[in-house]
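All values reported here derive from a predicted model rather than from experimental measurement. The figures here come from the full heavy-atom set of this structure, side chains too, leaving out hydrogens, waters and symmetry mates.
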Amino acid sequence: MRKKISFIMLLCLALIVSGCNKAPSSKVFSSNELEITLTDDFDEKNDGYLTLYNKEVKIVIQSTPTESINNLPLEEYVDLLSESISFLTPLETDTANGGVAYEYSLDGEGLEPSRCLLMVYKTDSYYYNVTFSCDAEKYESYRDVFSEWVDSIQIG
């Protein structure tokens with residue numbers, strides 16, 4: 001009887017430990033023609049644009065119909081963005097999916113300091129602004145993860 005109880009307790013402990021160490025699995029999220037693969041610990045909210053978030057990261061995907069701003073070339077669209085977000089720092093990146101990369105910081109009254117990676121894409125139908133953000137002090141540790149997520153973006 002003692003061996004059975006010990007075995008059951010050992011089995012319960014093993015199940016508890018294995019359940020606590022479960023790694024998140026992949027999950028695909030989409031906005032119009034754009035898909036991004038993240039982990040299943042992200043939640044989503046759609047209030048005119050798609051917001052994906054977990055405990056430490058927020059990703060906002062905004063889509064603007066190209067016809068609404070005269071189907072500008074991507075470079076001219078980015079110039080318009082730069083006028084409204086004057087603190088963009090261009091990054092030297094060569095993305096597999098044709099995006100343009102920028103970094104910027106948000107810091108101000110009522111805001112938690114955060115660092116952001118902004119990816120801008122264009123299709124025949126939409127411009128996509130994909131913003132990855134986290135607390136400023138955690139940005140360097142997320143930089144490689146953000147790059148992996150950027151590489152997961154599929155358009156079309």
Side-chain angles (χ1 to χ4, degrees), residues 17-156:
V17 170
S18 68
C20 291
N21 292 329
K22 180 186 171 211
S25 58
S26 295
K27 183 175 178 183
V28 176
F29 297 90
S30 62
S31 174
N32 297 318
E33 305 164 306
L34 184 142
E35 291 184 343
I36 184 169
T37 303
L38 304 171
T39 53
D40 64 356
D41 65 332
F42 276 85
D43 291 314
E44 69 181 281
K45 182 172 94 172
N46 199 333
D47 288 337
Y49 51 88
L50 182 61
T51 302
L52 308 167
Y53 58 94
N54 66 15
K55 291 180 181 180
E56 295 187 346
V57 173
K58 181 177 179 181
I59 302 168
V60 178
I61 301 173
Q62 296 171 291
S63 56
T64 304
T66 54
E67 65 189 35
S68 69
I69 46 181
N70 299 323
N71 199 16
L72 296 173
L74 182 60
E75 297 78 24
E76 290 182 36
Y77 176 73
V78 169
D79 287 343
L80 281 177
L81 279 181
S82 297
E83 290 174 13
S84 62
I85 308 174
S86 59
F87 41 86
L88 292 178
T89 303
L91 295 178
E92 296 290 330
T93 57
D94 182 22
T95 62
N97 42 26
V100 180
Y102 295 87
E103 283 183 321
Y104 64 95
S105 295
L106 287 178
D107 195 0
E109 189 175 325
L111 293 175
E112 292 291 323
S114 61
R115 291 282 311 269
C116 306
L117 171 66
L118 169 64
M119 297 300 301
V120 184
Y121 304 94
K122 182 185 180 205
T123 66
D124 289 339
S125 304
Y126 292 96
Y127 299 99
Y128 292 98
N129 302 340
V130 183
T131 305
F132 301 84
S133 63
C134 65
D135 290 339
E137 68 271 0
K138 295 180 181 179
Y139 184 79
E140 289 305 318
S141 67
Y142 272 106
R143 189 175 251 185
D144 289 340
V145 176
F146 288 171
S147 291
E148 288 176 26
W149 291 337
V150 166
D151 290 342
S152 80
I153 292 175
Q154 301 292 314
I155 300 175

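- Remark: Thr123 engages Glu33, Ser125, Tyr126, Tyr128, Ile155 in a side-chain contact (heavy atoms from CB on, under 4.5 Å) (not counting sequence neighbours).
- Within the structure, salt bridge (charged side-chain N to carboxylate O under 4.0 Å, His left out) pairs that include any residue of residues 132-142 comprise Glu56-Lys138, Glu140-Arg143 (at least two apart or interchain).
- Pairing each heavy atom of Leu118 with each of Val120, the nearest pair is CG-CG2, 3.9 Å.
- The two residues Leu52 and Phe29 make their nearest non-hydrogen contact at CD2-CD2, 3.4 Å.
- Between the OG atom in Ser30 and the CD1 atom in Ile153 there is a gap of 12.5 Å [rounded to 0.5 Å].
- Enclosure of atom CG in Asp124 is not indicated, since only 12 or fewer non-hydrogen atoms of other residues, nucleotides or ligands lie within 6.0 angstrom.
- Rounding to the nearest 0.5 angstrom, the gap separating the OG1 atom in Thr64 from the CD atom in Glu67 is 11.5 Å.
- Under 4.0 Å is where a charged nitrogen must lie from a carboxylate oxygen, and between Asp47 and Lys45 at least one such pair does.
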Please walk me through it: do Tyr127 and Leu81 pass side chain to side chain contact (heavy atoms under 4.5 Å, CB included)? CA-CA 11 Å; Tyr127 299 99; Leu81 279 181; over 6 Å; no
For Leu34 and Ile61, run side chain to side chain contact (heavy atoms under 4.5 Å, CB included): C-alpha distance rounded to whole Å, both residues' side-chain angles, the deciding distance at 0.1 Å, then the answer. CA-CA 9 Å; Leu34 184 142; Ile61 301 173; 3.9 Å; yes
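- Contact between Phe146 and Cys134 at its shortest, heavy atoms only, is CZ-SG, 4.1 Å.
- Contact detail for Tyr49 and Gln62: the closest heavy-atom pair is CB-CG, 3.9 Å.
- Here the side chain of Ser152 pairs a donor or acceptor atom with the backbone of Thr37 at under 3.5 angstrom.
- Although no hydrogens or angles enter the test, the distance criterion places no donor-acceptor pair under 3.5 Å between the side chain of Tyr77 and the main chain of Lys122.
- Smallest separation of non-hydrogen atoms from Leu72 and Glu76: CD2-OE1, 3.4 Å.
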Working for side chain to side chain contact (heavy atoms under 4.5 Å, CB included), residues Phe132 and Val150: CA-CA 9 Å; Phe132 301 84; Val150 166; 3.6 Å; yes
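- Inter-residue side-chain proximity for Trp149 and Ile59 is flagged as met; some heavy-atom pair is nearer than 4.5 Å.
- Considering only heavy atoms from C-beta on, Glu35 comes within 4.5 Å of Val28 through its side chain.
- With a 4.5 Å cut-off on side-chain heavy atoms, Thr51 and Tyr53 count as touching.
- The shortest non-hydrogen separation linking Val57 to Asn54 is N-OD1, 2.8 Å.
- Proximity of Tyr139 to Leu117: side-chain heavy atoms (C-beta onward) are separated by under 4.5 Å at one or more points.
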